[in-house]
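For reference, the structure is listed below as structure tokens.
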Amino acid sequence: MSETINLTLKIWRQKNSASAGQFVSYEMPGVSTHMSFLEMMDVLNEKLISKGEEPVAFDHDCREGICGMCSMFISGRAHGKLKGTTTCQLHMRHFADGEIITVEPWRAAPFPVIKDLVVDRTPLDKIIQAGGYVSVNTGSAQDANCLPVPKKDADEAMDAAACIGCGACVAACKNASAMLFLSAKVSQLALLPQGQPERKERILNMLSAHDEAGFGNCTNTGACEAECPKEISISHIARLNREFLGANV
Amino acid sequence: MVGWFRITSYICVLKNLIPMNQLVKIINSSVGRKLIMALTGLFLCTFLLEHLYGNILLYNNDGGEAFDEYSHSMVHNLLIRIVEVLLFAAIIVHAFQGIVLTRKNAAARPVNYAIKKDSETSSWFSRNMMLTGAFVLFFIVVHLYSFFVPYRISGLDEGQAVSQLVKESFENGWYSLFYFVSVLLLASHLNHGFQSAFQTMGINNKKYSPLIKIGGTAFAVLIFLGFASFPVVFYFGWMG
Ligand code: FES
């Protein structure tokens with residue numbers, strides 16, 4: 001395998017939320033295959049800055065696949081075509097020499113573009129604020145052994161808790177639904193004893209927040225679980241549906 | 001006046017029994033809407049089986065007698081007549097809700113991607129429910145017009161049996177082709193819809209979900225082979 005590849009990037013450039021955007025092409029010769037996608041973007045930005053041009057704005061933070069900030073729609077796939085991977089963990093060795101790569105921001109009504117590839121994902125925070133927590137008003141945490149949790153439940157709750165809130169599920173869903181995100185947040189608490197007191201209000205309030213934000217409705221296509229960098233299963237959406245039924249009857 | 005008062009007081013009692021606000025909230029929520037899709041959809045699936053059973057009587061080598069008798073008994077069965085009303089209601093609700101959901105979902109993504117490789121992440125069937133559903137709805141309207149209306153409303157021609165009407169309709173190649181394609185699209189609709197309904201009702205686990213998926217596809221194939229056989233058999237005149 002050659003150590004460097006030549007690429008053409010077609011990147012969505014948009015000055016701010018009010019202006020119209022368009023694609024701009026950039027030639028990227030000699031990209032090291034050991035770079036991550038974000039490092040490649042850094043190289044591009046350094047070039048742009050040295051030429052006196054505006055660098056491409058994109059979200060990132062941990063660069064180790066745990067924060068959920070990076071959010072690029074790469075050649076038709078959320079976080080690129082690699083399974084179970086965030087953009088920051090996607091390496092250039094997965095691209096071919098001479099490839100044209102299209103980079104777009106997440107597209108959804110509740111996620112307006114702020115600039116270039118950066119979108120506003122606060123509606124996801126609004127969903128959490130509506131009930132994605134456990135109220136503990138006093139005292140310190142008790143001994144963990146006082147609250148027995150079956151291994152199976154603990155494992156499933158952990159799987160759901162792996163959600164990093166990146167919004168790839170929304171980006172990939174043909175309906176721009178945030179149901180996988182919502183279900184992961186509902187599921188992780190519904191499975192644990194700490195989540196029980198607020199269980200019923202939680203699902204109702206969080207679902208209202210989801211719907212009010214303007215996310216679409218889930219039609220069970222499964223695109224979300226295919227694109228989720230944490231490979232969260234839509235079985236959590238089924239649990240969310242059960243929680244909804246349980247809270248209403 | 002007293003009677004009117006009594007009615008309004010009954011309504012008040014009923015209102016307290018069923019918290020209307022909550023009901024409206026459930027029905028208007030995204031999960032509530034898809035529950036309605038799932039329940040009406042599964043109900044319509046049971047109808048398909050019943051309909052297929054009835055049609056298969058056409059294959060009895062008796063000049064359509066069994067089929068005509070069956071049709072007659074269905075029309076004169078009170079229970080069936082009540083279920084028939086529910087059936088029409090289910091079709092209307094399912095179609096209406098499907099349109100509402102499709103519009104809402106389109107509004108949730110006002111700007112489309114330049115490139116989106118959906119086929120790598122989801123099935124064609126799951127993404128085209130509105131398309132296949134709309135075609136099936138159109139088919140239902142035509143289908144009702146060609147069989148239900150003459151049989152139940154405008155009346156058949158003098159001395160004509162309903163089995164005769166069916167066989168004659170399939171002698172028209174275009175009609176048979178239209179029927180065949182509609183059944184194919186109906187099967188596509190069912191292939192996703194059947195298993196999707198279970199997911200919506202919260203049934204998804206490692207043990208049963210693969211079975212439900214296979215069952216959904218098997219059901220779709222059964223419906224396709226069953227119904228698609230009629231235009232083929234009668235158009236090519238393989239049965240008298
Ligand atoms: S930058 Fe934190 S997950 Fe990619």
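Protein chains get the first letters and strands the later ones, always in sequence-line order, with residue 1 at the start of each. Small disclaimer: the values here were computed from a predicted structure and weren't measured.
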Which distance, rounded to the nearest 0.5 Å, do you find between the CG of A:Asn241 and the CE of B:Met201? 10.0 Å

Given heavy-atom pairs under 4.5 angstrom as the criterion, report whether the side chain, backbone, both or neither of B:Met37 touches chain A. neither

Whether B:Arg109 side chain and A:Cys173 backbone form a donor-acceptor pair below 3.5 Å: yes

So which heavy atom on B:Ala108 is nearest to which on A:Pro110, and how close? O-CD, 4.1 Å

Backbone N/O of A:Ala238 and side chain of B:Asn204: donor-acceptor pair under 3.5 Å: no

Can you tell me if B:Phe96 has over 12 outside heavy atoms packed within less than 6.0 Å of its CZ? no

Roughly how far apart are B:Met129 CE and A:Thr219 OG1, rounded to 0.5 Å? 8.5 Å

With only heavy atoms counted, which part of A:Phe111 is less than 4.5 Å from chain B, the side chain, the backbone, both or neither? neither

Region of A:Phe215 in contact with chain B, defined by heavy-atom distances below 4.5 Å: backbone

Atom CZ of residue position B:Phe198 - does it have more than 12 heavy atoms of other residues, nucleotides or ligands inside 6.0 Å? yes

Counting neighbours of CD1 on A:Ile100 that are heavy atoms of other residues, nucleotides or ligands and sit closer than 6.0 Å, is the number greater than 12? no

At a 4.5 Å cut-off on heavy atoms, which part of A:Ala172 comes close to chain B: side chain, backbone, both, or neither? backbone

To the nearest 0.5 Å, what is the distance between CD on A:Glu212 and OG on B:Ser29? 11.5 Å

Winner by heavy-atom pair count (cut-off under 4.5 Å) against chain A, out of B:Ile26, B:Asp118, B:Ile203, B:Leu101: B:Ile26

Counting distance only, does the side-chain N/O of B:Lys104 pair as donor-acceptor with the main-chain N or O of A:Asn217 below 3.5 Å? no

What residue, out of B:Leu35, B:Val31, B:Val111, has the most heavy-atom pairs lying under 4.5 Å from chain A? B:Val31

Pick one of side chain, backbone, both or neither for A:Ser75, based on which atoms fall under 4.5 Å of a heavy atom in chain B. both

Backbone of B:Gly202 reached by a side-chain donor or acceptor of A:Arg242 within 3.5 Å: yes

Checking heavy atoms, do the side chain of B:Lys116, its backbone, both or neither come under 4.5 Å from chain A? both

Answer with side chain, backbone, both or neither: which region of A:Ala171 has an atom nearer than 4.5 Å to a non-hydrogen atom of chain B? both

Evaluate side chain to side chain donor-acceptor pair (under 3.5 Å) for A:Asp211 paired with B:Ser30, printing each intermediate quantity in order. CA-CA 7 Å; A:Asp211 294 353; B:Ser30 55; 2.8 Å; yes

Distance col, row B:Lys25:NZ vs A:Ser208:OG, nearest 0.5 angstrom, shows 5.0 Å

Contact part of A:Leu204 toward chain B, heavy-atom cut-off under 4.5 Å: side chain, backbone, both or neither? neither

B:Tyr145 OH: over 12 foreign heavy atoms closer than 6.0 Å: no

Could you tell me if B:Thr200 and A:Asn220 have a donor-acceptor pair between their side chains, going purely by distance under 3.5 Å? yes

Of the listed residues (B:Ser123, B:Ser209, B:Ala114), which shares the most heavy-atom pairs with chain A below a 4.5 Å separation? B:Ala114

At a heavy-atom separation under 4.5 Å, does B:Ala106 approach chain A through its side chain, its backbone, both, or neither? neither

How about B:Ser122 and A:Lys174: do any of their side-chain heavy atoms sit closer than 4.5 Å? no

Taking every non-hydrogen pair under 4.5 Å, which of B:Asn112, B:Asn105, B:Thr102, B:Ile115 racks up the most with chain A? B:Asn105

More than 12 heavy atoms of other residues, nucleotides or ligands under 6.0 Å from CZ of B:Arg103: is that the case? no

With distance as the sole test, does B:Tyr113 use its side chain to make a donor-acceptor pair with the main-chain N or O of A:Arg107 at under 3.5 Å? yes

Given that the side chain runs from C-beta out, which part of B:Asn205 has a heavy atom under 4.5 Å from chain A: side chain, backbone, both or neither? neither

In terms of side-chain geometry, is the basic nitrogen of A:Arg77 or B:Glu120 positioned less than 4.0 Å from the acidic oxygen of its partner? yes

